[in-house]
Engineer: 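Dumping the structure here so I can ask a few things about it.
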There are 2 protein chains.
Amino acid sequence: MSHCNTIIDTLRQRGYRITPQREIVVDILAHAGRHITAEEIFDQMQKRIRVTNLSTVYRTLDVLWEEGFACRNDLSEGKTVYATHQHGPHIHLVCRRCDAVLDANSQVLDAMGEEIRSRYGFDADLQHLSIFGICADCSA
Amino acid sequence: MSHCNTIIDTLRQRGYRITPQREIVVDILAHAGRHITAEEIFDQMQKRIRVTNLSTVYRTLDVLWEEGFACRNDLSEGKTVYATHQHGPHIHLVCRRCDAVLDANSQVLDAMGEEIRSRYGFDADLQHLSIFGICADCSA
DNA sequence: GGTGCAATTGCAACTATTTGCATTAAGGAT
DNA sequence: ATCCTTAATGCAAATAGTTGCAATTGCACC
Ligand SMILES: [Mn+2]
Ligand SMILES: [Mn+2]
Ligand SMILES: [Zn+2]
Ligand SMILES: [Zn+2]
């Protein structure tokens with residue numbers, strides 16, 4: 001069973017109604033293989049369905065994020081980017097001076113995730129985190 | 001010397017021009033003692049200076065953030081919040097289901113910060129990080 | 001204390017994202 | 001297959017934040 005279908009079926013089990021719009025957003029996002037903006041999803045979506053709307057895309061992405069099927073990141077590019085969890089795991093180190101984005105191994109977060117869970121009962125999303133700071137070039 | 005003056009003097013040393021608008025934003029932010037939105041800063045600012053503008057506040061906050069004097073956080077409240085580093089250190093665990101915000105000790109990040117620095121030469125801002133996930137109540 | 005020039009400002013227009021509301025349609029029950 | 005409830009949609013308007021540009025002003029140099 002494809003990743004898309006797993007997401008769709010789980011959403012249905014959780015009480016969400018499955019509309020053609022939602023299926024298309026999930027399909028585009030799951031097959032993008034990279035970070036993608038809401039507007040890019042909307043553009044691709046319009047090739048497949050006549051009448052649809054950017055706010056539907058945003059609302060669907062909200063659901064996917066809230067339900068843990070998508071990650072949402074600010075990479076200092078002016079627009080929020082989305083991906084499924086098939087993209088990853090890794091973290092993005094975003095320089096707040098030059099906006100460079102360095103991909104890093106997310107294993108450095110594993111111990112921290114475990115500690116947050118045991119101390120606070122909080123299940124942190126750490127598979128695709130953005131962390132701001134100053135890159136090596138800008139420090140020098 | 002007050003915290004405000006340290007910030008202002010350092011900005012001047014780094015080549016930024018010190019305008020009354022910037023001094024007021026720094027003063028409001030440093031004395032807020034909490035997270036504060038750009039609009040709240042603007043409202044307080046208008047009581048002190050006749051003509052000024054919200055985009056000046058945003059631009060000043062950008063400078064303060066880029067130069068490492070302010071932190072900027074998305075706490076799922078609809079608006080970005082700012083604070084000086086006197087507020088903190090701690091992290092915010094933000095539940096993506098119920099929007100609850102749990103304050104947590106930032107020491108859980110110390111080892112990670114060190115590893116990121118040694119592995120990638122990246123100086124991560126970890127004094128006042130927001131981490132999304134699912135809170136204990138929503139997990140149950 | 002003037003002068004020059006680039007950085008900063010106010011303003012207006014713009015982009016990104018969210019929201020209220022009337023209409024449509026998913027899917028459980030019959 | 002049809003009916004019913006209410007979640008989801010499209011659309012338009014609102015909100016949050018950014019940007020281009022002409023006018024202003026900080027401050028380095030004299
Ligand atoms: Mn990524
Ligand atoms: Mn805080
Ligand atoms: Zn950099
Ligand atoms: Zn929660």
Side-chain angles (χ1 to χ4, degrees), chain A residues 7-26 28-29 35-43 45-46 48-67 69-82 96 99 130 132, chain B residues 7-26 29 35-43 45-46 48-67 70-82 96 99 130 132:
Chain A
I7 293 175
I8 290 294
D9 290 346
T10 309
L11 286 176
R12 204 191 317 263
Q13 280 162 31
R14 293 184 188 172
Y16 291 94
R17 291 184 185 175
I18 304 308
T19 62
Q21 290 89 336
R22 282 184 174 168
E23 287 191 298
I24 292 172
V25 170
V26 168
I28 291 170
L29 190 70
H35 308 145
I36 186 168
T37 67
E39 202 157 11
E40 286 176 307
I41 291 171
F42 177 64
D43 290 344
M45 191 175 178
Q46 279 190 306
R48 297 216 231 162
I49 196 172
R50 310 108 289 164
V51 61
T52 186
N53 189 279
L54 187 53
S55 53
T56 298
V57 175
Y58 277 113
R59 281 190 280 227
T60 300
L61 290 169
D62 283 350
V63 167
L64 293 174
W65 180 72
E66 247 177 72
E67 294 299 327
F69 295 117
C71 50
R72 146 193 279 173
N73 278 77
D74 172 11
L75 261 25
S76 262
E77 294 167 333
K79 300 187 183 190
T80 301
V81 294
Y82 296 83
R96 60 171 204 270
D99 291 341
S130 294
F132 287 86
Chain B
I7 294 175
I8 290 294
D9 289 347
T10 310
L11 285 177
R12 202 190 320 259
Q13 280 162 30
R14 293 186 189 170
Y16 290 94
R17 292 186 181 171
I18 304 308
T19 62
Q21 291 89 334
R22 284 184 171 169
E23 287 191 297
I24 291 171
V25 170
V26 168
L29 190 69
H35 308 146
I36 187 168
T37 66
E39 203 157 12
E40 286 176 308
I41 291 171
F42 176 64
D43 290 343
M45 191 175 178
Q46 279 189 307
R48 298 214 230 162
I49 197 172
R50 319 88 306 152
V51 62
T52 185
N53 189 278
L54 188 52
S55 54
T56 300
V57 175
Y58 277 112
R59 281 191 279 228
T60 302
L61 289 170
D62 284 349
V63 168
L64 293 174
W65 178 71
E66 248 177 70
E67 294 298 328
C71 50
R72 148 194 279 173
N73 279 78
D74 172 11
L75 261 25
S76 263
E77 294 166 334
K79 298 188 183 188
T80 301
V81 295
Y82 296 84
R96 59 170 205 269
D99 291 341
S130 295
F132 286 86

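No experiment lies behind these values; they were computed from the predicted model shown. Labels below follow one simple rule: chain letters A, B, ... track the order of the sequence lines, proteins then strands, and each chain is numbered from 1. Heavy atoms only: backbone and side chains are in, while hydrogens, waters and symmetry mates are out.
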Engineer: To the nearest 10 degrees, how far apart in direction are the end axes of the helix from C:dG1-D:dC30 to C:dT30-D:dA1, each fit to five base pairs?
Structural biologist: 40°
Engineer: As an exercise, state the distance from OH of A:Tyr82 to CD1 of A:Ile28, rounded to the nearest 0.5 Å.
Structural biologist: 14.5 Å
Engineer: Remember a base hit wins even if backbone is also touched, and classify A:Gly78 as base, sugar-phosphate or nothing at under 4.0 Å, heavy atoms.
Structural biologist: sugar-phosphate
Engineer: In whole Å, I'd like the distance from the CG atom of B:Asp74 to the C1' atom of D:dA16.
Structural biologist: 12 Å
Engineer: Heavy-atom distance under 4.5 Å between the side chains of A:Thr80 and A:Leu61, does that happen here?
Structural biologist: no
Engineer: Return the 5'-most residue of the pair A:Val51, B:Pro20 with respect to DNA chain D, ranking by each residue's nearest nucleotide.
Structural biologist: A:Val51
Engineer: Side-chain atoms of residues 16-26 of chain A: list all donor-acceptor pairs with protein atoms under 3.5 Å, sequence neighbours left out, distances to 0.1 Å.
Structural biologist:
from: A:Tyr16; atom 1: OH; to: A:Glu67; atom 2: OE2; distance (Å): 2.6
from: A:Thr19; atom 1: OG1; to: A:Arg22; atom 2: N; distance (Å): 3.1
from: A:Arg22; atom 1: NH1; to: A:Arg17; atom 2: O; distance (Å): 3.0

Engineer: Can you name the salt bridge (charged side-chain N to carboxylate O under 4.0 Å, His left out) partners of A:Asp62, sequence neighbours left out?
Structural biologist: A:Arg72
Engineer: Could you tell me how far apart B:Leu75 (CG) and D:dA16 (C1') are, to the nearest whole angstrom?
Structural biologist: 16 Å
Engineer: What is the distance from CG of B:Asn73 to P of D:dA16, rounded to the nearest Å?
Structural biologist: 18 Å
Engineer: Locate the shortest heavy-atom distance separating B:Trp65 from A:Arg96; write the atom from each residue and the value.
Structural biologist: O-NE, 3.0 Å
Engineer: Could you list, one pair per line, each protein nitrogen or oxygen that sits under 3.5 Å from a nitrogen or oxygen of nucleotides 27-30 of chain D, together with the distance?
Structural biologist:
from: D:dC27; atom 1: OP1; to: B:Ile18; atom 2: N; distance (Å): 2.8

Engineer: Scan side-chain atoms only and decide if A:Ser130 and A:Asn73 contain a donor-acceptor pair under the 3.5 Å cut-off.
Structural biologist: yes
Engineer: Is the phosphate of C:dA25 approached by A:Gln21 (side-chain N or O, under 4.0 Å from OP1 or OP2)?
Structural biologist: no
Engineer: Rounded to whole Å, how long is the line connecting atom CD of B:Glu39 with atom C1' of D:dT15?
Structural biologist: 9 Å
Engineer: Under the criterion side-chain contact (heavy atoms from CB on, under 4.5 Å), I'd like the reasoning laid out for A:Val81 against A:Thr37: C-alpha separation, chi angles, the key distance, then a yes or no.
Structural biologist: CA-CA 5 Å; A:Val81 294; A:Thr37 67; 4.0 Å; yes
Engineer: Residues of residues 52-60 of chain A with any non-hydrogen atom less than 4.0 angstrom from an atom of DNA chain D: list those, numerically ordered, please.
Structural biologist: A:Thr52, A:Asn53, A:Ser55, A:Thr56, A:Arg59
Engineer: Using a 3.5 Å cut-off and no angle test, enumerate the donor-acceptor pairs between side-chain atoms of residues 50-57 of chain A and protein atoms at least two apart in sequence or in another chain.
Structural biologist:
from: A:Asn53; atom 1: OD1; to: A:Ser55; atom 2: N; distance (Å): 2.8
from: A:Asn53; atom 1: OD1; to: A:Ser55; atom 2: OG; distance (Å): 2.6

Engineer: Nearest whole angstrom, please: distance from the C1' of C:dC11 to the CZ of B:Arg50.
Structural biologist: 17 Å
Engineer: Within this structure, what is the CD-to-P distance between A:Glu67 and D:dA7, rounded to whole angstrom?
Structural biologist: 15 Å
Engineer: Rounded to the nearest Å, what distance is computed from the CD atom of residue A:Gln46 to the P atom of nucleotide D:dG10?
Structural biologist: 10 Å
Engineer: Which one, D:dA16, C:dG10, C:dT18, comes nearest to the side chain of A:Asp62?
Structural biologist: C:dT18
Engineer: From CG of A:Leu61 over to C1' of D:dA8, roughly how many Å is that when rounded to an integer?
Structural biologist: 15 Å
Engineer: After noting the C-alpha distance and the side-chain angles of A:Val63 and A:Arg59, does the key distance pass the side-chain contact (heavy atoms from CB on, under 4.5 Å) rule?
Structural biologist: CA-CA 6 Å; A:Val63 167; A:Arg59 281 190 280 227; 6.0 Å; no
Engineer: A side-chain contact here means heavy atoms from C-beta on lying under 4.5 Å apart; do A:Leu11 and A:Phe69 qualify?
Structural biologist: yes
Engineer: Are OP1 or OP2 of C:dA16 and a side-chain N or O of A:Thr37 less than 4.0 angstrom apart?
Structural biologist: no
Engineer: Can you tell me how far the CD1 atom of A:Ile7 sits from the CZ atom of A:Arg12, to the nearest 0.5 Å?
Structural biologist: 13.5 Å
Engineer: Between A:Ser76 and A:Phe132, what is the shortest heavy-atom contact and its length?
Structural biologist: OG-CE2, 3.5 Å
